[in-house]
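Notes follow the structure.
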Protein chains: 2
Amino acid sequence: MSQVRVLLVDDDHLMRAGLAGLLTIDPSLEVVAQAATGAEAIVLTRRYRPDVVLMDVQMPGLDGIAATQQLVAEIPEVRVLILTTFELDDYVFGALRAGASGFVLKRTRPEDLIAAVHTVADGEALLSPSVTRRVIDRMAQQPMPRLSGTSVLETLTPREREVLGYLAQGLSNREIADALVVEESTVRTHVKHVLNKLGLRDRIQAVIFSYENGINEPRQ
Amino acid sequence: MSQVRVLLVDDDHLMRAGLAGLLTIDPSLEVVAQAATGAEAIVLTRRYRPDVVLMDVQMPGLDGIAATQQLVAEIPEVRVLILTTFELDDYVFGALRAGASGFVLKRTRPEDLIAAVHTVADGEALLSPSVTRRVIDRMAQQPMPRLSGTSVLETLTPREREVLGYLAQGLSNREIADALVVEESTVRTHVKHVLNKLGLRDRIQAVIFSYENGINEPRQ
DNA sequence: ATAGATGTCCCCCGCACGGGGGATTGGTGG
DNA sequence: CCACCAATCCCCCGTGCGGGGGACATCTAT
């Protein structure tokens with residue numbers, strides 16, 4: 001793999017700019033898109049199909065770990081490299097549980113970061129040396145926790161879950177608006193949020209999601 | 001049942017006015033509300049709980065057949081009497097599949113229309129004489145299409161069943177076209193036929209139909 | 001006190017979709 | 001031979017939908 005397509009995900013645009021500039025040192029790396037939130041990362045990953053997603057853990061809304069979980073579940077080919085400032089246990093293990101391919105600290109030297117991107121792009125796993133110790137320690141005592149431990153549904157607000165219920169029944173925005181006694185524009189907003197948070201393309205995918213996840217039970 | 005409560009549904013307000021006036025000839029009929037769209041019909045049916053819904057087929061937005069389907073599914077007690085100007089096959093069978101109790105032409109004489117309302121209010125089914133012919137014709141060659149049966153699927157051509165399979169997976173017309181290696185316009189035609197034959201509003205309802213009828217099996 | 005989350009509502013824009021036609025080619029059956 | 005169906009493709013047209021924004025009020029937690 002010569003050319004590696006990279007998606008940057010960080011809520012701080014200065015950090016994104018810095019990373020983008022840093023990665024352009026290597027001409028075989030191409031930053032195809034940048035996202036400021038986890039939800040945006042999912043949308044952009046679907047659109048641009050990057051080889052590697054450089055993902056910050058700390059973000060408002062859908063955080064890096066939840067986003068990673070959804071990304072990997074939907075697009076297994078994508079490699080997620082987690083970036084963080086501190087080496088917090090929760091982040092490390094949460095990220096690996098979610099299916100991340102690697103985990104590097106932001107204070108890593110530029111050339112090492114570039115090397116890390118290439119490593120995960122090649123399908124290898126990668127951990128910052130200072131992190132490796134923690135991982136093998138914990139691996140020894142604990143079995144690997146389940147992938148779907150925390151439901152994506154929990155990222156939805158109560159109202160959004162309600163809207164998803166109506167989406168699952170195939171109702172239009174107008175019909176949902178009538179049912180909830182709000183404006184259609186409000187329903188549109190809720191629907192947008194539901195689709196973004198769940199990483200779904202459109203309301204049709206929401207129907208399928210509902211059946212596949214038991215929100216809709218096929219009546220016989 | 002002495003007093004019959006009626007909901008009028010027609011996008012043409014002149015037609016509604018005409019029907020309303022016509023029905024007031026019979027003091028045992030009471031027009032409790034009027035709707036201009038299918039969606040409105042559903043809302044008003046919830047609110048006013050009419051005995052009979054006099055429903056036009058041709059309406060912008062949610063058409064009479066789709067509205068009937070939802071109405072009957074949600075409120076089985078309500079009797080839907082379909083009104084139309086022309087006796088088109090798609091309308092007739094789509095409406096009956098959707099759960100309509102009757103089907104009358106707008107050119108029916110006033111006293112016959114009033115009689116029709118009373119008939120369906122009593123729980124009987126009713127068809128305009130000119131429509132009955134078509135129904136028994138079709139009955140002769142194939143069993144009455146019904147909601148729960150798989151017989152409706154047999155009205156689809158092989159290609160249409162194939163398209164339904166892709167619809168069930170939530171694919172767009174473009175994606176189905178690529179899968180079948182035909183033009184998108186061809187897929188559009190197939191999709192139209194599938195929706196018409198199954199009496200479905202849109203591809204979203206097709207997804208739901210597929211799950212409810214075992215075309216899609218929810219995994220796990 | 002300030003920030004964040006939530007719910008409500010608004011705008012513009014472009015595209016996919018479904019309904020309304022119609023046309024052509026190849027079979028198949030009466 | 002002719003009628004019919006199935007499958008393929010075309011047009012126009014209106015609208016529903018999703019993405020991109022933003023605005024405002026309320027409430028909660030820091």
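What you see below is based on every heavy atom in this structure, not just the backbone, and it leaves out hydrogens, waters and symmetry mates. These numbers come from a predicted model, not from an experiment.
- Here the CG-OG1 distance, from A/L81 to A/T68, works out to 10.0 Å after rounding to the nearest 0.5 Å.
- Per the geometry, CD belonging to B/E184 stands 19 Å off P belonging to D/dA7, to the nearest Å.
- Here the P atom of nucleotide C/dA16 and the CG atom of B/L167 are 16 Å apart, to the nearest Å.
- For the pair A/N173 and D/dC17, the criterion of a side-chain N or O lying under 4.0 Å from OP1 or OP2 is met.
- C/dT8 atom P lies 12 Å from atom NE2 of A/H193, rounded to whole Å.
- Under a 3.5 Å cut-off, the side chain of B/D51 and the backbone N or O of B/R5 do form a donor-acceptor pair.
- If you take CG of B/L156 and P of D/dA7, they are 10 Å apart, rounded to a whole angstrom.
- Here B/H190 does not reach the OP1 or OP2 of D/dA7: none of its side-chain N or O atoms lies under 4.0 Å away.
- For A/R201, no side-chain nitrogen or oxygen approaches OP1 or OP2 of D/dG18 to under 4.0 Å.
- Applying the side-chain hydrogen bond (donor to acceptor under 3.5 Å, both in side chains) test between A/N173 and each of A/E183, A/E184, A/R203, A/H190 identifies A/R203 as the sole match.
- Here the P atom of nucleotide D/dC5 and the CZ atom of B/R161 are 16 Å apart, to the nearest Å.
- Not a single donor-acceptor contact under 3.5 angstrom links the side-chain atoms of B/S172 to the base of C/dC17.
- B/E160 has its CD atom 6 Å from the P atom of D/dA7, to the nearest Å.
- Residues B/V6 and B/L19 are not in side-chain contact: their nearest non-hydrogen atoms beyond the backbone lie 4.5 Å or more apart.
- Looking at heavy-atom distances under 4.0 Å, A/V191 makes contact with sugar-phosphate atoms alone, never a base.
- Out of C/dG21, C/dC10, D/dG19, the shortest distance to the side chain of A/T189 is found at C/dC10.
- Contact annotation: A/R159 reaches the phosphate of C/dT8 (side-chain N/O to OP1 or OP2, under 4.0 Å).
- The side chain of A/R47 sits closest to D/dG20 out of D/dC9, D/dG20, C/dC9.
- When each of A/T186, A/L164, A/V182 is paired with A/R159, the side-chain contact (heavy atoms from CB on, under 4.5 Å) condition holds for A/V182 and for no other.
- Rounded to whole angstrom, the span from the CD atom of A/Q205 across to the P atom of D/dC17 amounts to 15 Å.
- Between A/N196 atom CG and D/dC17 atom P the separation is 17 Å, expressed in whole Å.
- Comparing C/dG21, C/dC17, D/dG19 by their closest approach to the side chain of B/K192 singles out C/dG21.
- Looking at heavy-atom distances under 4.0 Å, B/R188 makes contact with a base.
- In this model, no side-chain donor or acceptor of A/S185 finds a partner on the base of C/dC11 within 3.5 Å.
- A salt bridge links B/E175 to A/R201: one of the charged nitrogens lies within less than 4.0 Å of a carboxylate oxygen.
- In this structure, A/T186 reaches the bases: a heavy-atom distance under 4.0 Å links it to at least one base atom across the strands shown.
- Of the two residues contacting DNA chain D, namely B/T157 and B/D202, the nearest-nucleotide position lying further toward the 5' end is that of B/T157.
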